[in-house]
**Q** 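Please find one structure pasted underneath; my questions will follow.
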Amino acid sequence: FGWRYKDDGVERIDDAANAREGRFYIRLDGGEQVHQGTDATGDLLPNATRGGETYRVTAWMRSDSPGARGNIMTRFRSQQYGTHDDGTFAVQASGFALSPKWKRYVHTSTAEPGVWTTFHYLAAESGVVEIDDVSVEYISSETRD
């Protein structure tokens with residue numbers, strides 16, 4: 001329930017028999033998305049990334065729509081409000097062709113220096129997309145392989 005609904009059409013489905021995990025999952029029509037913002041350094045202290053900080057978003061998705069595509073995306077923002085669309089590093093996305101069965105999809109993104117906030121998005125590029133069991137993992141640049 002921590003994901004912010006960008007569009008009013010996003011549906012939260014209460015269906016334990018068909019959910020991947022628990023009782024609820026979300027359903028997005030083509031073009032709809034949800035997002036969640038988080039501290040870019042993972043320590044909840046007022047500081048920016050040094051560069052190389054990595055984030056892994058894992059989501060289970062499915063779709064009965066022919067040709068459906070889901071998307072997991074990360075946007076980066078500096079300290080100045082409203083700057084998440086600036087810079088060549090601003091958006092990193094992974095698109096996936098979906099099938100009717102729940103399948104795990106992984107998106108990895110890496111920050112440049114000066115990032116204060118990350119926004120992770122789950123989106124339906126096309127078709128009706130169902131999403132469940134989402135996790136966001138922060139990997140410090142010091143612990144990366």
Side-chain angles (χ1 to χ4, degrees), residues 1-44 48-49 51-141 143-145:
F1 296 115
W3 293 85
R4 296 181 184 127
Y5 293 17
K6 181 168 176 34
D7 296 309
D8 292 337
V10 175
E11 297 175 71
R12 185 172 56 195
I13 309 299
D14 183 353
D15 182 1
N18 289 300
R20 161 74 178 103
E21 176 71 24
R23 285 181 42 194
F24 294 91
Y25 57 94
I26 60 170
R27 181 177 294 144
L28 307 173
D29 291 329
E32 293 178 338
Q33 60 187 5
V34 294
H35 70 281
Q36 183 177 68
T38 189
D39 173 52
T41 58
D43 58 11
L44 301 178
T49 57
E53 289 83 354
T54 301
Y55 317 88
R56 183 179 301 123
V57 180
T58 303
W60 288 77
M61 294 189 269
R62 69 180 180 187
S63 178
D64 286 331
S65 300
R69 290 189 57 83
N71 187 295
I72 304 172
M73 175 176 46
T74 304
R75 289 180 174 255
F76 300 99
R77 188 174 84 194
S78 68
Q79 188 176 24
Q80 182 179 348
Y81 181 76
T83 60
H84 64 279
D85 290 326
D86 297 342
T88 57
F89 68 96
V91 178
Q92 296 173 25
S94 301
F96 307 99
L98 304 179
S99 70
K101 297 200 180 279
W102 287 115
K103 183 176 174 187
R104 180 178 178 259
Y105 297 92
V106 178
H107 163 73
T108 303
S109 57
T110 303
E112 288 189 355
V115 173
W116 285 73
T117 307
T118 57
F119 292 90
H120 302 289
Y121 288 77
L122 306 171
E125 283 183 40
S126 60
V128 176
V129 175
E130 295 176 339
I131 304 170
D132 196 6
D133 199 8
V134 179
S135 66
V136 179
E137 180 182 6
Y138 168 80
I139 303 168
S140 168
S141 58
T143 61
R144 288 188 314 142
D145 295 336

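The figures here come from the full heavy-atom set of this structure, side chains too, leaving out hydrogens, waters and symmetry mates.
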**Q** Kindly compute the distance separating CG (Asp29) from CD (Glu11), expressed to the nearest 0.5 Å.
**A** 6.5 Å
**Q** Between Val134 and Ile131, what is the shortest heavy-atom contact and its length?
**A** CG2-CG2, 3.7 Å
**Q** Holding to salt bridge (Lys or Arg N to Asp or Glu O under 4.0 Å), I want the full list of residues that pass it with Arg69, two or more places apart in sequence or in another chain.
**A** Glu125
**Q** Enumerate the residue pairs fulfilling side-chain hydrogen bond (donor to acceptor under 3.5 Å, both in side chains) with a member in residues 56-67, sequence neighbours excluded, ordered by first and then second residue.
**A** Arg56-Glu137, Arg62-Glu130
**Q** Trp116 and Ala48: which non-hydrogen atoms are nearest, and at how many Å?
**A** NE1-CB, 3.3 Å
**Q** Quick check: does any side chain N or O of Thr54 sit under 3.5 Å from a backbone N or O of Thr108, one acting as donor and the other as acceptor?
**A** no
**Q** What's the spacing between Ser135 OG and His120 NE2 if we round to 0.5 Å?
**A** 10.5 Å
**Q** Given side chains that start at C-beta, do those of Phe76 and Glu112 come closer than 4.5 Å, heavy atoms only?
**A** no
**Q** Could you grab the distance from atom CD of Gln33 to atom CE of Met73, nearest 0.5 Å is fine?
**A** 5.0 Å
**Q** Going by atom type alone, with no hydrogens or angles, which donor-acceptor pairs under 3.5 Å involve a side-chain atom of residues 19-26 and a protein atom two or more places apart or on another chain?
**A**
unit_1	atom_1	unit_2	atom_2	d
Arg23	NE	Asp14	OD1	3.1
Arg23	NH2	Asp14	OD1	3.3
Arg23	NH2	Asp14	OD2	2.4

**Q** Which heavy atom of Ala111 sits nearest a heavy atom of Tyr55, and at what distance?
**A** CB-OH, 3.7 Å
**Q** What side-chain hydrogen bond (donor to acceptor under 3.5 Å, both in side chains) pairs are there with at least one residue in residues 94-104, not counting sequence neighbours?
**A** Ser94-His107
**Q** Main chain of Val115, side chain of Thr49: is a donor-acceptor contact present, judged purely on distance under 3.5 Å?
**A** yes
**Q** Considering residues at least two apart in sequence or located in another chain, which fulfil the side-chain hydrogen bond (donor to acceptor under 3.5 Å, both in side chains) criterion with Thr41?
**A** Asp39, Asp43, Asn47
**Q** Excluding sequence neighbours, so at least two apart, what forms side chain to side chain contact (heavy atoms under 4.5 Å, CB included) with Ala124?
**A** Leu28, Val129
**Q** Roughly how far, to the nearest 0.5 Å, is the CD1 atom of Ile72 from the OH atom of Tyr121?
**A** 14.5 Å
**Q** Would a distance-only check, ignoring hydrogens and angles, find a side-chain to backbone donor-acceptor pair under 3.5 Å from Glu32 to Gly30?
**A** no
